[in-house]
Amino acid sequence: MSNVRVRFAPSPTGFLHIGGVRTALFNWLFARHSGGTFILRIEDTDKERSTDEAIQVIMDGMKWTGLDWDEGPIRQIDRLELYREKAMDLFKRGLAYWCVCTPEELETRRKEAQARGESIKYDGRCRNRGISEPTEPAALRFSVPQEGQTVVQDLIKGEIVFENTVLDDLIILRSNGYATYNFSVVVDDGLMNISHVIRGDDHVNNTPRQIPLFEALGLPVPQFAHLPMILGADKTRLSKRHGATSVLAYKEMGYLPEALVNYLVRLGWSHGDQEIFSIKEMVEHFDFKHVQSSAAVFNPEKLKWVNAQYLRNKEPQEVAEALTPFLEAAGYDDAVRARIPGGVEALISPLRERSETLLDFVEGAVPYLVESMEMDEAAATKHLKAAIVPSLQEFADLVEAEPDFSKETLEGLLHGLIERKELKMGKVAQPLRVALTGRTVSPGIYEVMALLGKDRTLQRIRVGVERALKN
RNA sequence: GAUCCCAUCGUCUAGCCUGGUCCAGGACGGCACCCUCUCAAGGUGCAGACACGGGUUCAAAUCCCGUUGGGAUCACCA
């Protein structure tokens, strides 16, 4: 086991966002690539917004995508005392001070400063007051060094330099006694020996605030890798407006977890021209050198394409296993599925080329699942005409008299009929398709018959004939 | 407004570090054709980008500077 220790640290305030999964994925990939440890830490210090359900949803999402963690979930709520101790330690060492400015005062001063066109950072008013035992509500602020620069050697963006004068004395302990995010993160990353902090680049501006804290606390400063954001089609941060952003929503929409992961890994990382990666290949090739430094637009079309690739290349049995819960959810139980000769697995080959998601699959499977199907009226009107009746009739009679129902036999029967009647294949196949499936679009006609079985095939052709007679 | 980040086809990207092999390659999407019992899948082809302006250099997508444009962050949220 290497010294690489990384963490994914979501705050449980809602669902697991697609961007969060990507962050988790890159952490996981780096850990697995380097034989390190991947830690799940829950940042739930905001008691108002954090919920247990959200924690469960995060874990469910990670399990679904296969991102397994080695340690945790560690909850910050269980470590509040620790943060308090570390903060007071800083105070005792003169590196932090009590601030009695109220939130309202601070807000007012920020507005005034902004109105004057000045920096809105904290003015350091309480820094030299030397309050040792506050008698009114007070927050503890960290005295940020104001000289020199803080340099971040980012693994993705390179060197980022911040003048320390732009940094203000951040609050590390709120007046209610709870640690703030920037403080608890540093304490945790330090104490957990995190070697690489891999997070969204919306955190770059937090980094120069955190580095001096590591140093003041005497904790090792990790390396940083700031991942570019995922944007919506309008180039703003991905949000609900852009469609589904919860991972589990993609599960429900019929995406395969490995396809989602594959799409996500290519969003910001590349390995030459390769598009499809097995998990093993991702782990093997992952590196920060090929992580893009600019933001990427989430493209649902390409996700669909990737999903389709997986649907087409997986073992039929595995696709069937993934599909079954969706059929079940659509109300097609065991008994219904048994209507198809060969069962659910028989659906895979004919439908996989025509489906991008498992939901598409269900849609395409309907005619073969139901006992009596719905007829698309427009299709019937167009294709089931009186002129075709003799052909359909004859074909049904031939099939009925023929004990063998194999594709080859069926093909021979239909071709013989077409030649005798001097018809075009399309002239017969299309009415047949409509009679058999109620639709103008389906897998090949012989595959359709195989999925229906002999009885339903005959029965539907007869019904089709009835219908054609009325046209 | 301040700070920081970013900039190759509509989108994801290769190439950039280590200038020439790039009149810029692949993929999604689009279009056309082929295949064909429909729809797909598959095959073939087409359109489509180095944001702009200056340098440096024999030579720049690649290095430097500036401009413009986009994004993120500026809380006793995380």
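Here is how names work: the chains are called A, B, and so on, in the same order as the sequence lines, proteins then strands, and each is numbered from 1. These numbers were taken from a predicted model, which means no experiment stands behind them.
The partner of B/C22, taking Watson-Crick or G-U wobble pairs whose two distances both stay under 3.5 Å, does not exist in any strand shown. Pair assignment for B/A47 gives none, since no Watson-Crick or G-U wobble pairing has each distance under 3.5 Å. Across all strands shown, nothing is found opposite B/C35 as a Watson-Crick or G-U wobble partner with both distances under 3.5 Å. Pairing of B/G69, defined by two Watson-Crick or G-U wobble distances under 3.5 Å, is identified with B/C6. Both distances falling under 3.5 Å, in either a Watson-Crick or a G-U wobble arrangement, occur for no nucleotide opposite B/G29. Across all strands shown, B/A14 has no partner, as no Watson-Crick or G-U wobble contact with both distances under 3.5 Å is found. B/A61 makes up no base pair with any nucleotide shown, lacking Watson-Crick or G-U wobble contacts both under 3.5 Å.
As judged by a 4.0 angstrom heavy-atom cut-off over every strand, A/E43 is placed among residues touching the sugar-phosphate backbone only. No contact: A/S50 has no heavy atom under 4.0 Å from any strand. Counting non-hydrogen atoms under 4.0 angstrom, A/G444 reaches a base of the nucleic acid. If you check every strand for non-hydrogen atoms under 4.0 Å, A/G200 touches nothing. At a threshold of 4.0 angstrom between heavy atoms, the contacts of A/I160 are confined to the sugar-phosphate backbone, with no base atom among them. Contacts of A/I445 with the nucleic acid, taken as non-hydrogen atoms under 4.0 Å apart, include base atoms. Nucleic acid contact class of A/P228 (heavy atoms, under 4.0 Å, all strands): none. In this structure, A/S270 reaches the sugar-phosphate backbone alone: every heavy-atom distance under 4.0 Å involves primed, P, OP1 or OP2 atoms, never a base. Using a 4.0 Å heavy-atom cutoff across all strands shown, A/M229 reaches no nucleic acid atom at all. Contact annotation for A/K289: base contact, defined as any heavy-atom pair under 4.0 Å involving a base atom. Across all strands shown, A/S293 has heavy atoms under 4.0 Å from sugar-phosphate atoms exclusively, and none from any base. Within 4.0 Å (heavy atoms only), A/R439 reaches no atom of the nucleic acid at all. Within 4.0 Å of A/F162, counting heavy atoms only, lie sugar-phosphate atoms of the nucleic acid but no base atom. Among the atoms of the strands shown, none is found under 4.0 Å from any heavy atom of A/C99.
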A/F26 and A/H196: ring-ring contact (aromatic ring centres under 6.0 Å, His included), yes or no, with the steps? CA-CA 11 Å; A/F26 281 28; A/H196 301 257; over 10 Å; no

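One finds a side-chain N or O of A/Q292 lying less than 4.0 angstrom from the OP1 or OP2 phosphate oxygen of B/A14. Of the side-chain N and O atoms in A/K235, one or more sit less than 4.0 angstrom from OP1 or OP2 of B/U11. Dashed line: the shortest gap from a side-chain N or O of A/R209 to OP1 or OP2 of B/A75 is not under 4.0 Å. OP1 or OP2 of B/A78 sits under 4.0 Å from a side-chain N or O of A/T45. Between A/R352 and B/A41 there is no side-chain N or O to OP1 or OP2 distance below 4.0 Å. Of the side-chain N and O atoms in A/H203, none sit less than 4.0 angstrom from OP1 or OP2 of B/C4.
Nearest nucleotide to the A/R237 side chain, out of B/A72, B/C28, B/A78: B/A72. Looking at the side chain of A/V441, the nearest of the listed nucleotides B/A78, B/C39, B/A75 is B/C39. Listed candidates were B/A78, B/C12, B/C37. Nearest to the side chain of A/Y181 is B/A78. Of the candidates B/A75, B/A72, B/A41, the closest approach to any side-chain atom of A/R312 belongs to B/A41. With B/A27, B/A40, B/C4 as the choices, the nucleotide that has an atom nearest any side-chain atom of A/E275 turns out to be B/A27. Taking every side-chain heavy atom of A/V297 into account, B/C12 is the closest of B/G29, B/C12, B/C37. The side chain of A/Q430 sits closest to B/U38 out of B/U38, B/A40, B/G29. Distance from the side chain of A/R354 is smallest for B/C39 among the nucleotides B/C39, B/A78, B/G71. Candidate nucleotides B/G15, B/C74, B/A78 were compared by shortest atom distance to the side chain of A/I120, and B/C74 ranks first. Nearest nucleotide to the A/N299 side chain, out of B/G26, B/G29, B/U11: B/U11.
Remark: the backbone N or O of A/D168 is not paired with any side-chain donor or acceptor of A/R141 at under 3.5 angstrom. No donor-acceptor pair under 3.5 Å is formed between the side chain of A/S11 and the backbone N or O of A/T13.
Here the separation of B/C9 from B/A75, taken at their P atoms, is 35 Å to the nearest Å. When the C1' atom is used for both B/C50 and B/A32, the distance is 28 Å, rounded to whole Å. Only the P atoms considered, B/U62 is 22 Å distant from B/G70, to the nearest whole Å. Nucleotides B/C23 and B/C39 place their C1' atoms 40 Å apart, quoted to the nearest Å. Comparing B/G42 with B/A51, their C1' atoms are spaced 38 Å from each other, to the whole Å. Nucleotides B/G26 and B/A14, compared at atom C1', are 7 Å apart to the nearest Å. For the C1' atoms, the distance from B/G43 to B/U18 is 39 Å, rounded to whole Å.
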Please table the atom pairs, donor to acceptor, closer than 3.5 Å between any side-chain atom in residues 224-237 of chain A and protein atoms at least two apart or in another chain.
unit_1 : atom_1 : unit_2 : atom_2 : d
A/H226 : ND1    : A/D154 : OD2    : 2.6
A/H226 : NE2    : A/R199 : NH1    : 3.3
A/H226 : NE2    : A/T207 : OG1    : 3.2
A/D234 : OD1    : A/T236 : N      : 3.2
A/D234 : OD1    : A/T236 : OG1    : 2.9
A/D234 : OD1    : A/H242 : NE2    : 2.6
A/D234 : OD2    : A/T236 : OG1    : 3.3
A/D234 : OD2    : A/R241 : NH1    : 3.2
A/D234 : OD2    : A/H242 : NE2    : 3.4
A/T236 : OG1    : A/R241 : NH2    : 3.1
A/R237 : NH2    : A/D202 : OD2    : 3.0

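At whole-Å resolution of the value, NE2 in A/H226 and P in B/C5 are 12 Å apart.
A/N313 CG to A/E318 CD: the interatomic distance, rounded to the nearest 0.5 Å, is 11.5 Å. The structure places CD of A/E43 at 9.5 Å from OG of A/S50, a figure rounded to the nearest 0.5 Å. Atom OG of A/S184 and atom CG of A/L213 lie 10.5 Å apart (nearest 0.5 Å).
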Name the pairs: protein N/O against N/O of nucleotides 65-68 of chain B, kept only if under 3.5 Å.
none

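The salt bridge (Lys or Arg N to Asp or Glu O under 4.0 Å) test with A/D169 is passed by exactly one of A/R127, A/K121, A/R125: A/R127. Partner of A/Y263 under the ring-ring contact (aromatic ring centres under 6.0 Å, His included) criterion, out of A/Y250, A/F277, A/F298: A/F298 alone.
A donor-acceptor pair shorter than 3.5 Å cannot be found between the side chains of A/E356 and A/N307.
Shown here is A/K454, whose NZ atom has more than 12 heavy atoms of other residues, nucleotides or ligands within 6.0 Å.
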